[in-house]
Amino acid sequence: MNKAFRLLLAVLLSLSSLAAANPPARPDDAKDSTAPSYDMKAQALLDLERVQKKFVDLANVVPADKMAWRPTAYSRSFAEVFLHVASERYGILKMMGAETPAGVDVKALEKSTTDRARIVEELNKSWEFAQKAIQGMTNGEFAKLLPKLGPQANAGDVVYILVADNHEHLGQSVAYARQNGITPPWTVAAQKAAAEKKAQQK
């Protein structure tokens, strides 16, 4: 886990702790007895599934000779971004006790290959791991405190960080694609649908 990510993690957990310790005041100061309107477990799984599909779809349209492309000498390559996503799924969920599967070398994964088929395989394997870990949590376990991460940090915070991390790197991979003249497949599909709809209205 690099220094930038550790700093981001510390900031997110600090903000989470601050919010938990200082909930926003309500005018009538009455206790809120309404049922929660947000199911974090279901929403996190749905969100991560959609992001996973976009990673795989994008990886499948990046030309083989572009997998090693990087915007600067100090940036991750296409392949490294995809594999970093896979490695972070293991690393982030490990913070709440999820056990990394035997045979997975998280530290070496990011630079392990530029082969598209293997990259997609690692994305799929890491998603299956994340899905199983989150699906196996009870609602109560989302509130399980993790003092080593912060005074009010809990397992739900870790899942939230995973969702945010995946979105961050999806945006990064889309920027890489655009720089190389690659239109994301979901954009192509949306443009095609819009053109067909327009043609039908004539």
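What you see is a predicted model; the values in this text were computed from it and never measured.
Surrounding CD of Gln179 are more than 12 heavy atoms belonging to other residues, nucleotides or ligands, all under 6.0 Å away.
Taking 4.5 Å as the limit, every side-chain heavy atom of Thr114 sits out of range of all side-chain heavy atoms of Ser77. Contact annotation: the side chain of Arg118 never approaches that of Leu83 to less than 4.5 Å [non-hydrogen atoms, C-beta and beyond]. Leu48 is listed as a side-chain neighbour of Ile134, based on a closest heavy-atom distance under 4.5 Å.
With sequence neighbours left out, the side-chain hydrogen bond (donor to acceptor under 3.5 Å, both in side chains) criterion links Asp57 to Lys53.
Criterion: ILVMFWY side-chain heavy atoms under 4.5 Å apart, direct or through other members. Under it, Val61 and Met67 are part of a common hydrophobic cluster. Linking Ile, Leu, Val, Met, Phe, Trp and Tyr residues whenever their side-chain heavy atoms come within less than 4.5 Å leaves Val188 and Val174 in two separate clusters. One hydrophobic cluster holds both Val81 and Trp186 under the rule that ILVMFWY side chains link at heavy-atom gaps under 4.5 Å.
How far OG1 of Thr100 is from CZ of Arg89: 13.5 Å, rounded to the nearest 0.5 Å. From Lys94, atom NZ reaches atom CZ of Phe129 across 9.5 Å, with rounding to the nearest 0.5 Å. Atom OH of Tyr176 sits about 12.5 Å away from atom CD1 of Ile182, to the nearest 0.5 Å. Going from atom CG of Leu45 over to atom CE of Met40 covers 10.5 Å, rounded to the nearest 0.5 Å. Distance check, rounded to the nearest 0.5 Å: CD1 of Ile119 to CG of Leu109 gives 10.0 Å. Atom OG of Ser173 sits about 11.5 Å away from atom CZ of Arg178, to the nearest 0.5 Å.
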### Task
Using the side chain to side chain contact (heavy atoms under 4.5 Å, CB included) rule, take Leu149 and Val158 through it: C-alpha gap first, then chi angles, then the decisive distance, then the call.
CA-CA 9 Å; Leu149 301 180; Val158 174; 3.8 Å; yes
#### Entry: Chi angles and distances behind the side chain to side chain contact (heavy atoms under 4.5 Å, CB included) call for Glu88, Leu162
CA-CA 8 Å; Glu88 289 283 61; Leu162 178 64; 5.5 Å; no
### Task
Carefully, step by step, assess Asn166 and Trp127 under the rule side chain to side chain contact (heavy atoms under 4.5 Å, CB included).
CA-CA 11 Å; Asn166 271 228; Trp127 163 234; over 6 Å; no
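Side-chain N or O atoms of Asn60 include one that pairs as donor or acceptor with a backbone N or O of Val56 at under 3.5 Å. Between the side chain of Glu128 and the main chain of Lys125, no donor-acceptor pair closer than 3.5 Å is present. The main-chain N or O of Met137 is found under 3.5 Å from a side-chain atom of Lys41 such that the two form a donor-acceptor pair. Side-chain atoms of Ser126 come within 3.5 Å of backbone N or O of Glu122 as a donor-acceptor pair. Looking only at distances, no side-chain donor or acceptor of Asp47 sits under 3.5 Å from a matching main-chain atom of Gln43.
A pairwise comparison of heavy atoms in Thr183 and Gln191 identifies CG2-OE1, 4.4 Å as the closest pair. Here the shortest heavy-atom pairing between Ala59 and Val120 reads CB-CG2, 4.1 Å. Considering all non-hydrogen atoms of both residues, Phe55 and Leu170 come closest at CZ-N, 3.4 Å.
Using a 30° and 60° split on the angle between ring planes, Trp69 and Phe78 fall in the tilted class, from 30° to 60°.
Between Glu80 and Arg70 there is a salt bridge, since a side-chain N of the basic residue sits under 4.0 Å from a carboxylate O of the acidic one.
Counted by atom type alone, Gln52 and Asn124 present one or more donor-acceptor pairs between their side chains at under 3.5 Å. Between the side chains of Asn154 and Lys144, no donor-acceptor pair of N or O atoms lies under 3.5 Å.
Here the options are Gln172, His84, His169, the test is side-chain hydrogen bond (donor to acceptor under 3.5 Å, both in side chains), and the partner is Arg76; only His84 passes. Of the residues listed (Val85, Val51, Ile92), the one engaging Asp165 in a side chain to side chain contact (heavy atoms under 4.5 Å, CB included) is Ile92, and it is the only one.
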